[in-house]
Amino acid sequence: MAAGATPLAPNARSVRNVAFVEGVRTPFGKAGEKGMYAGTRADDLVVNAIRELLRRHPELPPERVDEVAIAATTQIGDQGLTIGRTAALLAGLPKSVPGFALDRMCAGAMTAVTTTASGIGFGAYDIAIAGGVEHMGRHPMGEGVDPNPRIIADKLVDPTALVMGQTAENLHDRFPEITKQRTDAYAARSQEKYAEAVKTGKIGPELVPVATRSKELGWGLATEDEPPRPGTTVEQLAGLKTPFRPHGRITAGNAAGLNDGATAALLADEDTARELGLPIGMRLVGYSFAGVEPEVMGIGPVPATEKLFKRTGLSIDDIGLFEINEAFAVQVLAFLDHFGIADDDPRVNQWGGAIACGHPLASSGVRLMTQLSRQFAERPDVRYGLTTMCIGIGMGGTVIWENPAYNGSEGAK
């Protein structure tokens, strides 16, 4: 401390380790009138996820939760009204537990985690719940927004920047070596890996059953993801329409669909977790967000990851597992090419990804983290893992995690 500086408050804390205790999610549904959540409220989806976290951890006194942060890209209707607070109340948390809502488009849940984790590290919270929800059937992306016309008129961005599928076509233009054949092959592998993960029980334990209601079918129970298309072949994908450009490369088969779903994660100061007997699924190492040209938003994970490597002193060679959001296959392949990683590297999305299971925008970040945490438990030879995603309007976000089960053995690659 500099001479004459005022001492810190008596109870001020130094930076603390942040633990990802556990994440859960609802099954993801197809958006639209025929989707399984067509008659289900958006807030009820995330309430189910929060309740499941509390049910799974009776060792956690509910009044010990210090914050609830819930993201939604389209903050309107039943996923508006400061949904972090209203969802906390509906989930049965004490009225003393505060909450807030936030938006960083696709990285909403990721930002909910990093924001509350920062509060935990600083000492503002001991326990937090973070997640996201998107009901794209009820609230299509962009509903109710009014972009300032100067964004286009002053040529701040190319007009294609506001249509995510067109930004993916632009990414193909920038990297012509990423052909449609490569993206279709990647998409087919994602479907295959996801189907195998479900079959072997890798995907399933994190899912929260959700009661559904249909005008035609009455009450039901959602217990598995609706979007996957098992058995998808490259030949089938080759014949799909390219809606964003004539003779383009982006199709419904090599991109995530429009989906409904919610996620929630329990975060804690590591000492507090041990005090309460909460498991430690993984430990936060660091995070970074970066901006890129909005018209090629899919490249965002590259500078976000490079920025984070500089901050942490790690490199791509230190990462033993990758969970990359598959908004579009081209975006994943651009990341892999930049870092010299093969299209079929077994470290990457080993249980499939959003092309198979879906991408309900603001909820997806916690899905990535939940899968990484569960993979860590099976891989004590891997010390570090990475979750990353591209973000609309030209951004990328990356979080690096440490495996508490790491035993010091070699073999991460």
Problem - Thr263 side chain to Arg25 side chain, donor-acceptor N/O pair below 3.5 angstrom - result: no

Identify, with sequence neighbours excluded, every residue that meets side-chain hydrogen bond (donor to acceptor under 3.5 Å, both in side chains) alongside [X].
X	value
Glu275	Arg64
Thr116	none
Arg182	Asp337, Asp343
Thr312	none

[X] bridged to [Y] by N-O distance under 4.0 Å:
X	Y	answer
Arg249	Asp173	yes
Glu270	Arg274	yes
Arg16	Asp271	no

For [Y], is there any backbone N or O sitting under 3.5 Å from a side-chain donor or acceptor partner on [X]?
X	Y	value
Gln350	Arg347	no
Gln331	Asn325	yes
Glu235	Thr233	no
Asn254	Ala187	no
Ser315	Asp317	yes

[X] atom [atom1]: more than 12 heavy-atom contacts under 6.0 Å:
X	atom1	result
Gln236	CD	yes
Leu258	CG	no
Glu33	CD	no

Handout entry: ring-ring contact (aromatic ring centres under 6.0 Å, His included): pairs with one or both residues in residues 342-394, sequence neighbours excluded
Key = none

Handout entry: Pairs flagged by ring-ring contact (aromatic ring centres under 6.0 Å, His included) wherever residues 20-74 is involved - sequence neighbours left out
Key = Phe20-Trp401

Exercise for the section: For residues Leu321 and Arg379, determine if any side-chain heavy atom of one lies less than 4.5 Å from a side-chain heavy atom of the other. Expected result: yes

Completion exercise
Sorted by chain and residue number, the ring-ring contact (aromatic ring centres under 6.0 Å, His included) partners of Phe335 (sequence neighbours excluded) come out as Phe339

Exercise for the section: List in chain and number order the residues that pass side-chain contact (heavy atoms from CB on, under 4.5 Å) with Arg56, two or more places apart in sequence or in another chain; answer none if no residue qualifies. Expected result: Glu22, Val24, Glu52

Problem - Qualifying residues under side-chain contact (heavy atoms from CB on, under 4.5 Å), relative to Ser190, sequence neighbours excluded - result: Glu326, Ile355, Ala356

Report the residues that fulfil salt bridge (charged side-chain N to carboxylate O under 4.0 Å, His left out) with [X], sequence neighbours left out, ordered by chain and then residue number.
X	result
Arg41	Asp43
Glu295	none
Glu378	Lys202

Exercise for the section: Any chance you could lay out the side chain to side chain donor-acceptor pair (under 3.5 Å) test for Glu134 and Thr73, step after step, and finish with the verdict? Expected result: CA-CA 7 Å; Glu134 210 73 53; Thr73 301; 3.1 Å; yes

